[in-house]
Student: 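Next up is a structure, given as structure tokens.
The figures here come from the full heavy-atom set of this structure, side chains too, leaving out hydrogens, waters and symmetry mates. Predicted model only: the values in this text are computed from it and were never measured.
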Amino acid sequence: MIQTPSAELDPTCDVAHLTARLIDLESVSGNEAGIADAIEHALRQLDHLEVVRDGDCVMARTRFGRAERVILAGHIDTVPLPAAPGSRGTVPSSWEGEVLFGRGATDMKGGVAVQLAIAAALREPTRDITFIFYDHEEVEASLSGLGRAAASHPEWLQADFAVLLEPTDGTVEGGCNGTARFEVRVAGKAAHSARAWRGVNAIHGAAEILVRLRDHEPATIHVDGLDYRESLNAVRITGGTAGNVIPDSAVIEVNYRFAPDKTPEQAEEYVRALLEGFSVTRTDVAAGARPGLQHPAAAAFVAAVGAEPKPKYGWTDVARFSALGVPAVNFGPGDALLAHTDDEHVHADAVRACLRALVTWLS
């Protein structure tokens, strides 16, 4: 039997204040146990829900035998707290009027608060609902709590439709770009920097890689009615051993955000062609997802929300649902451009509006 956590959540309170309470439970990836405990405890107080926990992934569902089942999903982890002095996108949360600041305010504790509020408020929804609160989204795909739950509890991820409450500023975002990371290595020859001619400078050799990436023009690709903008960038560079040694190696990490018309293999082929002549190793990849807005359940949801759908440029777990055969969209409170920033924030009315839209649809 679960013990009452030291930090309790009241899912019946104002959803914006519930968001603040969730922010106050620091949950940087790898440290989700506390918030998972609090969510599990809150859900187990609701007698219309069946609850199961897998690691720090907590799931709950209704079992009314409705004609349709939908999943409401959201991750409970955040990126690390900002290091800059005076940053407001941190923990604990803070208010400025009706604007809530804190790490996860947009990505995505506002969405998690909406999930909890719906779980408490809708005791007899018109559709059966599965709620998934999962860990390790902000790190490499192999650690994902959603992926782990899909493997260990596959029956819990069976549904007709899924809504991922990632921040979309209150509109529906269909599908998502895929993402892949690569290490591009340059080999050189070490030498004393006073006798540089005896060595080969690997950092200098990396210049050609950077030039190709700088001059690369990202494509915008039309997929099932939506335009997905790609990006291909160097995101990290390392090399060198000391201030008086010609570096014998350099590594550039490259991130490719590719449209959902490509498979991971096609994305890798694209990067290798651009960087031909260099050693390229793929280190991580997650496939994108086509919008799927033509599916009846998705079309009905879009009609209920009433806003024109947009593409999702970043990768989200709609791709995991798509791979499982469950059509899914992104829909949640907050501006995704504020995610991970030093002043991450969300307006209280945005969280409340998201809750109203979903309650109306599910009622």
Student: For Ala150 and Leu324, work out which heavy atoms get closest and say how close.
Tutor: CB-CD1, 4.2 Å

Student: Inspect the surroundings of CZ in Arg229 and state if more than 12 heavy atoms from other residues, nucleotides or ligands are less than 6.0 Å away.
Tutor: no

Student: Calculate, to the nearest 0.5 Å, the distance between atoms NE2 and NE2 belonging to His136 and His75 respectively.
Tutor: 12.5 Å

Student: Between Val271 and Leu232, is there a side-chain heavy-atom distance shorter than 4.5 Å?
Tutor: yes

Student: Look at atom CD of Gln294 and say whether more than 12 heavy atoms of other residues, nucleotides or ligands are closer to it than 6.0 Å.
Tutor: yes

Student: For Thr12 and Asp10, test the side chains for any donor-to-acceptor distance below 3.5 angstrom and give the result as yes or no.
Tutor: yes

Student: Whether Lys312 and Glu166 form a salt bridge (side-chain N of Lys/Arg under 4.0 Å from carboxylate O of Asp/Glu) is what I want to check.
Tutor: no

Student: So which heavy atom on Leu100 is nearest to which on Ala16, and how close?
Tutor: CD2-O, 3.9 Å

Student: Below 4.5 Å, heavy atoms only, C-beta onward: do Ile237 and Ile203 meet side chain to side chain?
Tutor: no

Student: For the residue pair Leu164 and Asp317, what are the closest heavy atoms and their distance?
Tutor: CD2-N, 3.4 Å

Student: Distance from Ile118 atom CD1 to Leu358 atom CG, nearest 0.5 Å?
Tutor: 4.5 Å

Student: I would like to know whether Val70 and Phe301 meet side chain to side chain contact (heavy atoms under 4.5 Å, CB included); could you show each step before the answer?
Tutor: CA-CA 11 Å; Val70 299; Phe301 180 71; over 6 Å; no

Student: Do the side chain of His48 and the main chain of Ala119 share a donor and acceptor less than 3.5 angstrom apart?
Tutor: yes

Student: Where the side chain of Asn330 meets the backbone of Gly175, is there a donor-acceptor pair that is under 3.5 Å apart?
Tutor: yes

Student: Does Arg103 use its side chain to pair, donor to acceptor, with the backbone of Ala105 at less than 3.5 Å?
Tutor: no

Student: How long is the gap from CZ on Arg61 to CE on Met59, to the nearest 0.5 Å?
Tutor: 8.5 Å

Student: Can you name the nearest heavy-atom pair linking Cys354 to Leu165, along with the distance?
Tutor: SG-CD2, 4.2 Å

Student: Could you check whether Asp128 and Thr62, counting side-chain N and O atoms only, form a donor-acceptor pair closer than 3.5 Å?
Tutor: yes

Student: Please check: side-chain N/O of Lys109 versus main-chain N/O of Leu25, any donor-acceptor pairing under 3.5 Å?
Tutor: yes

Student: Before you tell me yes or no, could you show the steps for Leu72 and Leu362 under side chain to side chain contact (heavy atoms under 4.5 Å, CB included), namely the whole-Å CA-CA distance, both residues' side-chain angles and the distance that decides it to 0.1 Å?
Tutor: CA-CA 11 Å; Leu72 301 182; Leu362 293 166; 4.0 Å; yes

Student: Is it the case that the side chains of Glu26 and Asn31 hold a donor-acceptor pair, with the cut-off being a distance below 3.5 Å and no angle test?
Tutor: yes

Student: Sequence neighbours left out, what passes side-chain contact (heavy atoms from CB on, under 4.5 Å) with Ala234? Give chain and number order.
Tutor: Leu210, Leu213, Ile252

Student: With hydrophobic residues grouped by side-chain heavy-atom distances under 4.5 Å, do Leu355 and Ile129 end up in a single group?
Tutor: yes

Student: Walk me through whether Asp135 and Arg148 qualify under side chain to side chain contact (heavy atoms under 4.5 Å, CB included).
Tutor: CA-CA 10 Å; Asp135 57 292; Arg148 187 181 63 249; 2.8 Å; yes

Student: Can you measure from CD (Glu137) to OG1 (Thr78) and round to the nearest 0.5 angstrom?
Tutor: 11.0 Å

Student: Could you tell me whether a side-chain N or O of Asp24 sits under 3.5 Å from a main-chain N or O of Ser93, the two making a donor and an acceptor?
Tutor: yes

Student: Between Glu344 and Thr106, do the side chains contain an N or O donor and an N or O acceptor separated by less than 3.5 Å?
Tutor: yes

Student: Provide the closest heavy-atom pair for Ala67 versus Asp160 in the form atom of the first, atom of the second, distance.
Tutor: O-OD2, 4.2 Å

Student: Hey, is the main chain of Asp349 close enough, under 3.5 Å, to the side chain of Glu98 for a donor-acceptor pair?
Tutor: no

Student: Determine whether more than 12 heavy atoms belonging to other residues, nucleotides or ligands lie under 6.0 Å from atom NE2 of His216.
Tutor: yes

Student: Looking at Phe258 versus Tyr270, is the centre-to-centre ring distance below 6.0 Å?
Tutor: no

Student: Taking the side chain from Asp342 and the backbone from Ser87, do they hold a donor-acceptor pair closer than 3.5 Å?
Tutor: no

Student: Is the backbone of Arg356 close enough, under 3.5 Å, to the side chain of Thr360 for a donor and an acceptor to pair up by distance?
Tutor: yes

Student: Which is it for Leu46 and Arg123 under the side chain to side chain contact (heavy atoms under 4.5 Å, CB included) test, yes or no, and what are the steps along the way?
Tutor: CA-CA 9 Å; Leu46 305 173; Arg123 291 182 171 267; 3.7 Å; yes

Student: Taking the inter-plane angle between the rings of Trp95 and His17 on a 0 to 90° scale, is it parallel (under 30°), tilted (30 to 60°) or perpendicular (over 60°)?
Tutor: tilted

Student: So which heavy atom on Pro167 is nearest to which on Gly334, and how close?
Tutor: CB-O, 3.4 Å

Student: Report the distance from atom OG of Ser231 to atom CG of Asn177, rounding to the nearest 0.5 Å.
Tutor: 7.5 Å

Student: Quick check: does any side chain N or O of Trp315 sit under 3.5 Å from a backbone N or O of Ala287, one acting as donor and the other as acceptor?
Tutor: yes

Student: Above 12 or not: heavy atoms from other molecules or residues under 6.0 Å from CD of Glu124?
Tutor: no

Student: Cluster question for you: counting only ILVMFWY and a side-chain heavy-atom cut-off of under 4.5 Å, with indirect links fine, are Val223 and Tyr256 together?
Tutor: no

Student: Under the side-chain contact (heavy atoms from CB on, under 4.5 Å) rule, collect the residues that match up with Pro327, sequence neighbours excluded.
Tutor: Phe161, His295

Student: Kindly indicate, with the supporting measurements, whether the criterion salt bridge (Lys or Arg N to Asp or Glu O under 4.0 Å) is fulfilled by Glu173 and Lys310.
Tutor: CA-CA 5 Å; Glu173 292 184 346; Lys310 297 179 181 179; over 6 Å; no

Student: Verify the cluster assignment for Val318 and Val302: are they in a single hydrophobic cluster under the rule of side-chain heavy atoms below 4.5 Å apart?
Tutor: no

Student: Can Glu32 and Tyr134 be counted as having a side-chain donor-acceptor contact under 3.5 angstrom?
Tutor: no

Student: Please indicate whether Arg236 has more than 12 foreign heavy atoms, meaning atoms of other residues, nucleotides or ligands, lying under 6.0 Å from its CZ.
Tutor: no

Student: Give a yes or no answer on whether the side chain of Thr130 reaches the backbone of Ile71 with a donor-acceptor pair at less than 3.5 Å.
Tutor: no

